Structures are given as structure tokens and as C-alpha cells.
Asks: 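The structure under discussion is supplied below as C-alpha cells; questions concerning it will follow.
As the structure is a prediction and not an experimental result, all values here were calculated from the model. Letters A, B, ... are given to chains in the order of the sequence lines, protein chains preceding strands, and every chain is numbered from 1.
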Amino acid sequence: MINVKFPDGNVKQFQSGVTPIEIAQSISEGLARVILAAKYNDEEWDINRPIDHDGEIRFFKWDDPEGKHAFWHTSSHLLAEALQELYKGIQFGIGPAIENGFYYDIDPGENTITSADFEKIEKKMNELVARKEAVVRRDISKADALKFFGDNGQTLKCELISELEDGHITTYTQGNFTDLCRGPHIPTTEPIKAVKVLSIAGAYWRGDEKRKQLVRIYGISFPKKKMLEEYLILLEEAKKRDHRKLGKEMELFAFSQNVGPGLPLWLPKGAALRNRLQDMLTKIQRKYGYQQVITPHIGNKMLYVTSGHYAKYGKDSFQPIHTPEEGEEYFLKPMNCPHHCEIYRTAPRSYKDLPLRFAEFGTVYRYEQSGELHGLTRVRSFTQDDAHLFCTPDQLKQEFLGVMEIISFVLTRFGFDYEAQISLRDPEHKEKYVGTDEVWEKAERAIIEACEEKGLKAKQVTGEAAFYGPKLDFMVKDALGRRWQLGTIQVDYNLPERFGLEYTGADNLKHRPVMIHRAPFGSLERFVAVLLEHTAGKLPLWLAPDQAVVLPISEKFNDYAKHVVDVLDEYDVRAFVDDRNEKIGKKIRDNELKRIPYLLIVGEKESAAEEVSVRKQGEGDKGSEKIITFAAGIAQEVEKMTKF
RNA sequence: GCCAAAAUAGCUCAGUCGGUAGAGCAUUUCAUUCGUAACGAAAAGGUCGCGGGUUCGAGUCCCGCUUUUGGCUCCA
């Protein structure tokens with residue numbers, strides 16, 4: 001007999017060899033029907049895998065990430081099984097479950113697989129599901145595994161196996177398909193009631209640019225057909241929120257081939273929106289003791305040699321600008337920090353001057369790889385809401401906490417759900433970073449401690465640090481669930497060293513300041529993109545390019561409509577007249593679609609009484625009120641929203 | 001940069017087997033002067049991304065380039 005502990009603390013006895021599904025059955029048939037995966041003593045466990053020792057069990061259903069994971073992992077094997085039946089001589093790489101679905105990387109050999117084949121693949125997958133094949137787990141020795149996969153020509157699998165430890169290798173088999181896999185899986189493919197092959201893409205074997213490029217096939221599956229339908233509708237809806245589409249419709253920004261790829265043009269409405277965001281931050285930062293500075297868009301090559309950027313990125317960035325002077329070279333600035341370091345150096349600094357906080361909406365230029373450009377979220381010229389804080393080592397934590405406050409205030413204010421990530425150095429590849437071990441350890445510890453102090457749950461990821469220091473990043477998801485880094489805080493002991501920055505301490509000796517790089521929005525471009533997707537273009541009233549539009553019933557009331565706009569203008573309400581010769585129904589429709597927060601309809605009744613008939617975007621008719629009542633109400637609402 | 005797909009009017013998109021390019025919306029003009037999500041009529045609008053090739057003839061087939069999209073790699 002073995003003792004099995006449940007999450008509620010209860011312990012029950014079972015025969016050795018009992019499976020999680022049998023344990024679930026002992027509780028209720030209903031539970032046994034819905035569980036997809038289990039965890040036994042922190043080990044992922046198939047629900048039909050026997051248990052022979054005491055431990056603690058947890059069950060996972062579809063609603064748990066672990067449940068979906070097992071379901072999709074099995075689906076990925078199902079995809080591979082289908083591909084194996086359809087295409088001769090293909091090789092399999094890896095095929096994991098991901099956040100939304102699964103993929104399988106394959107080397108198609110002689111075959112070509114295109115999106116035209118998706119239907120065929122789905123059909124085969126459904127056919128295989130109908131066979132109700134069991135998914136069988138087996139322990140296998142390293143030698144046997146190498147022989148088995150080698151005999152089948154699966155050299156990619158053999159490479160993976162050769163790196164595994166003997167005695168810990170398992171395979172899963174369904175029908176004629178056997179895969180090297182750790183599991184867990186669902187016991188049969190039968191519950192996979194709906195599958196969809198979503199897309200196809202290239203992916204380097206083992207993520208290494210220098211190795212062979214495989215074909216990655218993405219798919220998703222569900223236990224109910226209806227869930228797939230709902231998911232596909234969700235994808236369609238997400239496409240409507242795409243900031244690239246909204247930016248065009250709302251006339252916020254554009255790109256021109258003549259200007260160049262990844263170089264956004266901000267249109268009048270977009271520029272106004274962006275300026276409002278900048279004003280917000282300037283106001284907040286003033287309270288936190290920041291001073292605005294302005295620096296040039298280019299800098300002498302030597303500046304970047306000093307900062308270390310030239311050695312690391314010189315060849316991969318925009319190439320230098322040459323002057324008529326022999327040998328003189330300038331670079332477009334890829335960041336603002338070197339310039340700010342030079343500002344620090346313009347005067348001797350005392351410990352009494354610190355902390356110094358220099359802020360700049362600084363436009364930077366980075367030569368991103370052509371395939372990486374993406375709307376406004378990944379561009380080659382963008383404006384950071386940048387600031388650099390120079391402080392004494394003692395002040396570091398306090399300053400770091402202050403920055404965290406600003407960032408969480410901003411992200412919360414816009415209603416973003418954000419995730420925090422601490423990006424640490426990869427200790428295996430120290431050559432990728434500048435600075436001594438001591439300095440790195442100190443900086444990494446400062447970030448971790450600050451998060452603990454604020455109670456911020458942050459995921460620690462090694463190898464994601466900037467080359468000059470560790471960082472705390474704030475990530476927000478776009479409409480399709482892709483994560484984008486917005487806010488960032490980076491501790492830097494290196495640049496002050498490289499630029500020889502110092503201050504005189506109370507002991508009358510020279511000391512080195514610590515530097516913090518930070519940007520709450522990250523960049524105005526990326527922030528606006530994510531904000532658009534988050535709000536589906538329905539910007540909050542204080543940010544909306546046009547807050548109200550006046551719709552005269554007929555041209556006879558155009559003059560009165562202009563008068564309304566004049567009154568609104570006195571209250572700083574942004575409004576214009578839709579004086580087109582169209583019927584009121586048409587004007588309402590067009591302006592509703594333009595996502596203008598308020599539509600003000602005026603005709604005979606309103607003009608006689610100095611009133612407007614108010615219609616709120618998406619909510620319909622709100623009745624009439626005096627112009628000044630409406631204007632004052634809006635002004636008040638905006639004032640409340642802009643108290644930062 | 002790599003793998004794959006796409007590019008036709010301002011926008012969204014059709015265009016069959018290779019035979020002188022089409023719709024809706026937007027625009028302009030005319031008519032209408034209208035009460036809470038699309039009134040009507042007409043006109044104008046195109047080097048079919050760019051360059052080359054095959055062909056009597058190319059939006060359509062082939063090659064190269066550019067840009068965009070989905071991924072990968074990268075990301076100061």
C-alpha cells in the first residue's frame with residue numbers, strides 16, 4: 001500500500017501501481033472524466049502512469065495550464081504522426097506545446113509542405129483520432145534509443161538522445177509513431193475533437209542561426225469543436241485590434257518606402273497623441289525631481305568607443321556619417337546614455353548634488369534586422385522616454401524603488417496587465433557582457449532586493465540582460481498575446497566607469513556614481529502600439545485626438561455647429577464640425593466608426609436653446625443639455641483623468 | 001539576415017485558360033436640407049511594387065530586386 005496526499009491535506013491509501021486516473025475515480029467519476037494531467041511529488045505525471053511510492057498528487061484539467069499543456073503536447077505528436085503518414089522520409093526535430101497550441105519542427109527532406117496542405121494534414125489528424133490510439137510511455141536505454149531512432153533515419157532525434165543521461169530516457173508511442181519525449185501526455189488521442197493547422201514558418205534547428213533551418217508547423221486543438229470555432233473568432237477579433245490597421249484608420253502614423261523601412265511618420269493626430277503622453281510623463285517626473293535635457297541625434301564615434309557600443313554593435317548598426325574632414329566619423333545615436341554621461345561631466349559634482357536625474361524624450365536609431373521590423377512595435381527610429389539617474393551607491397535602492405513607482409503608476413493608469421521580468425547575465429557567456437563579476441553581482445542583487453521590497457513578482461531569466469547591466473523589464477501583451485517589453489529599469493556600474501564619472505564625497509575623496517537607465521513607456525512608438533491594441537482604438541477621453549464632433553442636422557445649422565465648436569474650444573475641448581451634406585444617420589455612422597468619444601447633434605431645437613444633443617460613442621443617445629454644461633462636464637472629466 | 005507567403009484605384013478586395021483592368025467605400029459635381037448607424041444620380045481616379053525575360057500579346061508564366069506579413073535568429 002502507498003499513501004497519497006491530496007492538495008487539501010487529506011491522505012488516502014492505495015494499492016501500489018495505482019494510476020492518477022484511478023485515484024481520481026475513487027473521488028468521483030466526474031473528476032476522472034475531466035483530468036488531463038497530474039503532478040506527483042513535483043514530477044509531471046501521466047494520468048495512466050502507475051505510482052509505486054508515497055507522495056502528493058495534483059490533478060490538472062483543461063482550465064489549468066498544465067492540463068492544456070498535456071493535451072497540446074499529445075496533439076503535437078498527433079501532428080507528427082499525420083506528417084509521418086503523409087510524407088516519406090521526413091525527419092522530426094522537437095514538437096512542444098506552447099502558450100496557445102503547439103508546433104512541430106521537421107526537416108521535410110524531399111517534400112514541400114505549404115499552407116495549401118493544411119487541410120490535408122488536418123484531415124489525416126482527424127482520421128488518426130478516429131482510430132482511438134492509446135499513447136504508451138516506455139523507458140528505454142540510451143543505446144536502444146539511439147538504435148531505434150537511428151534505424152528510422154531520425155538523425156535529429158539521435159543528436160538529442162546523445163546529450164541525454166542514460167536511465168532517464170522515455171518514449172511515447174501512438175499507432176506507428178514513436179517519439180522521444182519526457183511527457184506527460186493524455187492517455188489516448190481520442191479527446192482531441194478539433195484540430196487546426198495554423199501556420200508554417202522556418203525555424204533554425206535548436207535555435208541556432210548557423211544550423212539547418214527546419215520547417216515549423218503551428219497548430220491548435222481543443223476537446224470540443226465549439227471551442228475551436230470560438231478561438232478562430234477570437235483571432236479574427238484580434239486582427240481588428242491590430243495597431244497597424246488602427247493607426248491607418250485613425251490617421252495616427254504611416255510608413256513610406258521613400259523614407260525607408262522601419263522609419264515611422266507621425267501624422268498630425270498621432271503626433272498630438274504622442275505629445276499628450278509626453279506631457280503626462282513630464283508632469284509625473286517633475287514631481288520625482290527629474291530635469292529635462294536635450295541632446296543631438298548624432299555623436300562622435302569616440303563617444304561610442306568610450307561607451308563600448310562601438311566595439312559591440314558598430315558593424316551591425318547604421319554606418320557612420322562622414323564629414324568633409326578626413327577621418328571624422330559620427331554615428332546616429334543608438335541610445336541616449338553616452339550623451340547624458342557627458343552632461344554629468346559638464347560640472348564637478350558633489351555628493352550633495354546627487355541624485356541627478358536627467359530625462360529626455362530621445363530619438364534613437366538602431367539598424368534592426370529587416371525581418372524583425374513590425375509595425376510600430378519594432379522600428380529603426382524611435383523615441384525613448386529616457387532618463388538616467390546618477391546616485392551614490394547608498395541611494396541606489398531608494399532611486400530604483402522610485403522608478404518602479406513611476407512605471408507601475410503609468411502601466412496601471414492605462415489598465416495594462418503587466419508581467420515583470422528580471423533579466424540577468426548568462427554566467428556561461430561572460431564574454432558577451434562588459435564589467436567585472438563584482439559589479440554585476442552587486443547590480444543583480446540590487447534589482448532582486450528592490451522587487452522583494454515592493455512585493456513585485458518578477459520572473460528571473462538568465463542571459464537576457466543588456467550587455468552593460470542587468471534589468472527589470474515590464475512586459476505587456478498585444479491583441480494576439482505576443483509579449484512586448486515596455487517599461488525597463490537598468491542598473492549600470494559600467495558606463496560611469498568607462499566615462500570616468502565621479503563626485504566628491506563627504507570625506508572629500510572622489511567616488512564613482514551608480515547609474516540607472518529607465519524608460520516607463522519603453523518607447524513612445526511601442527507604447528502607442530500596445531495602447532491601441534489594448535483599447536481597440538477607443539482611446540481614453542483625455543488622449544483621444546478628437547474628443548467631440550458636432551453633427552448639424554442639415555446645412556442650415558452649420559453656423560450654429562461652428563458656434564458650438566467655438567464654445568467647446570474655450571473649455572479646451574477638441575471638437576470639429578462634420579459639415580458634409582449628408583443625412584444625420586450617415587454622419588452618426590461614420591463618426592461612430594471613427595471612435596470619436598462624443599457626437600453632438602444640433603438642429604432647430606438645440607440652436608434655439610443653446611443646447612447640444614449628446615450621443616456617447618458606443619452607448620447611443622444621452623439627451624440634450626446646454627453647450628456650456630456639456631463643455632464644463634468634459635473639461636472636468638479630462639481634468640480628473642490628467643491628475644498625475 | 002534566414003524560411004515561407006503577399007503586393008491590383010486613397011481604403012478593402014475581385015480579376016477564369018496569357019487577349020487593351022473591375023466592384024464597394026472614400027473623393028468631386030449635381031440633386032436633396034433631412035432628427036440618432038449607410039438617400040439618389042453622374043464623374044474622376046491605375047506605368048497592376050520595381051527591373052529584366054518568355055510570347056504576336058503578360059496583372060496573369062519565369063528570373064532578380066524592393067516592401068509588407070507570419071515565424072526563426074537578433075534586440076543597445
Asks: Please produce a list of atom pairs where a protein N or O lies less than 3.5 Å from an N or O of nucleotides 60-64 of chain B.
Replies:
none

Asks: Would you indicate what Tyr218(A) reaches in the nucleic acid, counting non-hydrogen atoms under 4.0 angstrom: base, sugar-phosphate, or nothing?
Replies: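 It contacts sugar-phosphate atoms only.
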
Asks: Got a sec: does the NZ of Lys196(A) have more than 12 other heavy atoms crowding it under 6.0 Å?
Replies: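 Check fails, neighbour count at 12 or below.
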
Asks: Using atom P in both nucleotides, what's the gap between A58(B) and U66(B) to the nearest angstrom?
Replies: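 My reading of the P atoms in A58(B) and U66(B) gives 26 Å.
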
Asks: On RNA chain B, check which nucleotide each of Lys312(A) and Ser199(A) is closest to and give me the residue with the more 5' one.
Replies: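 Nearest-nucleotide comparison on RNA chain B picks Ser199(A).
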
Asks: Assess the side chains of Lys556(A) and Ser607(A): does a donor N or O sit below 3.5 Å from an acceptor N or O?
Replies: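 There is no such pair between these side chains.
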
Asks: Supply the atom-to-atom distance Asp107(A) CG to Gln154(A) CD, rounded to the nearest 0.5 angstrom.
Replies: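 Asp107(A) CG to Gln154(A) CD: 9.5 Å, rounded to 0.5 Å.
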
Asks: Roughly how many Å is it from CG in Asp578(A) to P in A38(B), rounded to a whole number?
Replies: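 That distance rounds to 14 Å.
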
Asks: Where each pair must be Watson-Crick or G-U wobble with both distances under 3.5 Å, what dot-bracket representation of RNA chain B is obtained, with crossing pairs in [ ] and other-strand partners as |?
Replies: (((((((..((((.....[..)))).((((.........)))).....(((((..]....))))))))))))....

Asks: Can you spot which of Lys239(A), Arg244(A), Lys240(A), Lys245(A) makes a side-chain hydrogen bond (donor to acceptor under 3.5 Å, both in side chains) with Asp242(A)?
Replies: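 So the option named by the test is Arg244(A).
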
Asks: Find the distance between CD1 (Ile217(A)) and CD1 (Ile106(A)) and round it off to the nearest 0.5 Å.
Replies: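 One finds 4.5 Å between CD1 of Ile217(A) and CD1 of Ile106(A).
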
Asks: Could you tell me whether Glu249(A) contacts a base, only the sugar-phosphate backbone, or nothing, with contacts defined as non-hydrogen atoms closer than 4.0 Å?
Replies: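 If one applies the 4.0 Å heavy-atom cut-off, Glu249(A) turns out to touch nothing in the nucleic acid.
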
Asks: Could you tell me how far A9(B) sits from G22(B) if I compare only their P atoms? Round to whole Å.
Replies: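 Nearest-Å result for G22(B) against A9(B) at atom P: 14 Å.
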
Asks: Where does the angle between the aromatic ring planes of Phe358(A) and His340(A) fall among parallel (under 30°), tilted (30 to 60°) and perpendicular (over 60°)?
Replies: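 Rings of Phe358(A) and His340(A): perpendicular, over 60°.
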
Asks: Between G1(B) and C74(B), how many Å separate the two C1' atoms, rounded to a whole number?
Replies: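 9 Å, rounded to whole Å.
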
Asks: Specify whether His297(A) and Tyr365(A) have parallel, tilted or perpendicular ring planes, treating 30° as the upper limit for parallel and 60° as the lower limit for perpendicular.
Replies: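 His297(A) vs Tyr365(A) ring planes: tilted.
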
Asks: By side chain to side chain contact (heavy atoms under 4.5 Å, CB included), which residues pair with Lys594(A), not counting sequence neighbours?
Replies: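 Residues passing side chain to side chain contact (heavy atoms under 4.5 Å, CB included) with Lys594(A): Phe576(A), Asn591(A), Ile596(A).
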
Asks: Ring centres within less than 5.5 Å and planes less than 30° apart: is that true of Tyr313(A) and A76(B) in this structure?
Replies: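 Yes, the aromatic ring of Tyr313(A) stacks with the base.
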
Asks: Do Phe467(A) and Tyr313(A) have ring centroids that are under 6.0 Å from one another?
Replies: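 Yes: the rings meet the under 6.0 Å criterion.
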
Asks: Just grab all the ring-ring contact (aromatic ring centres under 6.0 Å, His included) pairs involving residues 598-617 of chain A, residues at least two apart or on different chains.
Replies: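 Counting only pairs at least two positions apart or across chains, the ring-ring contact (aromatic ring centres under 6.0 Å, His included) contacts touching residues 598-617 of chain A are Tyr598(A)-Phe630(A).
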
Asks: In terms of heavy-atom contacts, does NZ of Lys212(A) have more than 12 from other residues, nucleotides or ligands at under 6.0 Å?
Replies: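 Incorrect, the count does not exceed 12.
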
Asks: From the options A37(B), U36(B), C74(B), select the nucleotide whose nearest atom is closest to the side chain of Ile601(A).
Replies: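 Nucleotide nearest to Ile601(A)'s side chain: U36(B).
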
Asks: For atom P, what is the distance between U32(B) and U36(B), given to the nearest Å?
Replies: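 Approximately 22 Å lies between the P atom of U32(B) and that of U36(B).
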
Asks: By nearest nucleotide on RNA chain B, pick out whichever of Arg216(A) and Ser613(A) is the more 5' one.
Replies: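 So the residue in question is Ser613(A).
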
Asks: Taking atom CD as the centre, does Glu431(A) end up with more than 12 heavy-atom neighbours from other residues, nucleotides or ligands that are less than 6.0 angstrom away?
Replies: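 It does: Glu431(A) CD has more than 12 such atoms within range.
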
Asks: Taking the side chain as everything from C-beta on, heavy atoms only, tell me whether Val614(A) gets closer than 4.5 Å to Leu600(A).
Replies: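 With C-beta onward as the side chain, the pair touches.
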
Asks: Distances under 3.5 Å between protein N/O atoms and the N/O atoms of nucleotides 66-69 of chain B, please, pair by pair.
Replies:
{"from": "U69(B)", "atom 1": "OP1", "to": "Arg244(A)", "atom 2": "NH1", "distance (Å)": "3.0"}
{"from": "U69(B)", "atom 1": "O3'", "to": "Arg244(A)", "atom 2": "NH1", "distance (Å)": "3.4"}

Asks: For U16(B) versus C61(B), give the span between their P atoms, rounded off to a whole number of Å.
Replies: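 Going atom to atom, P in each nucleotide, I get 9 Å.
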
Asks: What one-letter contact string describes nucleotides 23-31 of chain B from 5' to 3', where B marks a base within less than 4.0 Å of any protein heavy atom, S marks contact via sugar-phosphate atoms alone, and - marks no contact?
Replies: ---S----B

Asks: Can you tell me how far C1' of G35(B) sits from CD1 of Ile588(A), to the nearest Å?
Replies: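 So the two atoms are 8 Å apart, to the nearest Å.
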
Asks: Under 3.5 Å, is there a donor-acceptor pair between the Asn336(A) and His388(A) side chains?
Replies: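 There is no such pair between these side chains.
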
Asks: Could you go over nucleotides 40-42 of chain B and give all protein N or O partners under 3.5 Å, atom names and distances?
Replies:
none

Asks: Please state the P separation for the pair G45(B) and A7(B) - nearest whole angstrom.
Replies: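 Between the two P atoms, the distance is 25 Å.
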
Asks: Whole angstroms only, please: what is the CG-P distance between Leu593(A) and U36(B)?
Replies: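 Roughly 18 Å, once rounded to whole Å.
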
Asks: Return the set of residues passing side chain to side chain contact (heavy atoms under 4.5 Å, CB included) with Glu582(A) (not counting sequence neighbours), or none when no residue passes.
Replies: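 So Glu582(A) forms a side chain to side chain contact (heavy atoms under 4.5 Å, CB included) with Arg580(A), Lys586(A), Lys587(A).
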
Asks: Under 3.5 Å between N/O atoms: give me all the protein pairs with nucleotides 3-11 of chain B, atom names plus distance.
Replies:
{"from": "C3(B)", "atom 1": "O4'", "to": "Gln213(A)", "atom 2": "OE1", "distance (Å)": "2.8"}
{"from": "C3(B)", "atom 1": "O4'", "to": "Gln213(A)", "atom 2": "NE2", "distance (Å)": "3.4"}
{"from": "C3(B)", "atom 1": "O2", "to": "Gly202(A)", "atom 2": "N", "distance (Å)": "3.1"}

Asks: Just checking Glu619(A): does its CD atom have more than 12 heavy atoms from other residues, nucleotides or ligands closer to it than 6.0 angstrom?
Replies: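 Enclosed.
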
Asks: For the P atoms, the ones on G46(B) and on U33(B), what distance do you get once it is rounded to whole angstrom?
Replies: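 Pairwise P distance, G46(B) against U33(B), rounds to 35 Å.
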
Asks: I need the CZ-C1' distance between Phe467(A) and C75(B), as an integer number of Å.
Replies: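 Whole-Å distance recorded here is 12 Å.
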
Asks: Measure from CE on Met335(A) to C1' on C75(B) and round the result to the nearest Å.
Replies: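 Nearest whole value for this atom pair: 11 Å.
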
Asks: Need one value for Gly603(A): base, sugar-phosphate or nothing, where a base atom within 4.0 Å counts as base even if backbone is also close, heavy atoms only.
Replies: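 Since a base atom lies under 4.0 Å of Gly603(A), the category is base.
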
Asks: Using a 4.0 Å heavy-atom cut-off, does Arg615(A) contact any base of the nucleic acid, only the sugar-phosphate backbone, or nothing at all?
Replies: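 Counting heavy atoms under 4.0 Å across all strands, the contact made by Arg615(A) includes a base.
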
Asks: With sequence neighbours left out, which residue pairs that include part of residues 458-469 of chain A fulfil the side-chain hydrogen bond (donor to acceptor under 3.5 Å, both in side chains) condition?
Replies: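 Listed by first then second residue: Tyr468(A)-Gln490(A).
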
Asks: Considering only side-chain heavy atoms of Arg589(A), which listed nucleotide, G35(B), A37(B), C72(B), is closest?
Replies: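 Shortest atom-to-atom distance from the side chain points to A37(B).
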
Asks: Return the value, rounded to whole Å, for the distance between atom CZ of Phe318(A) and atom P of G1(B).
Replies: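 In whole Å, G1(B) P lies 12 Å from Phe318(A) CZ.
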
Asks: Any donor-acceptor pair under 3.5 Å between the side chain of Glu606(A) and the base of G35(B)?
Replies: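 For Glu606(A), whose side chain was compared with the base of G35(B), there is a donor-acceptor pair (under 3.5 Å).
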
Asks: In whole angstroms, how far is the C1' atom of A76(B) from the CD atom of Glu525(A)?
Replies: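 Distance check: Glu525(A) CD to A76(B) C1' gives 15 Å.
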
Asks: Are the side chain of Trp72(A) and the backbone N or O of Ile220(A) linked by a donor-acceptor pair below 3.5 Å?
Replies: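 No, the answer is negative, given that no donor and acceptor are paired below the 3.5 Å cut-off.
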
Asks: To the nearest angstrom, how far is Ile584(A) atom CD1 from A38(B) atom P?
Replies: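 Result: 12 Å.
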
Asks: Does the base of G1(B) carry an N or O that pairs as donor and acceptor with the side chain of Tyr367(A) under 3.5 Å?
Replies: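 By the distance-only test, no, there is no pair.
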
Asks: Got a sec, which residues hit ring-ring contact (aromatic ring centres under 6.0 Å, His included) with Phe331(A), two or more places apart in sequence or on another chain?
Replies: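 For Phe331(A), the residues satisfying ring-ring contact (aromatic ring centres under 6.0 Å, His included) (neighbours in sequence not counted) are Tyr310(A).
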
Asks: Please identify each residue that fulfils side chain to side chain contact (heavy atoms under 4.5 Å, CB included) with Tyr367(A), with sequence neighbours left out.
Replies: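 Listed in chain order: Phe318(A), Arg380(A).
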
Asks: Do other residues, nucleotides or ligands put more than 12 heavy atoms under 6.0 Å from the NZ atom of Lys538(A)?
Replies: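 Check fails, neighbour count at 12 or below.
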
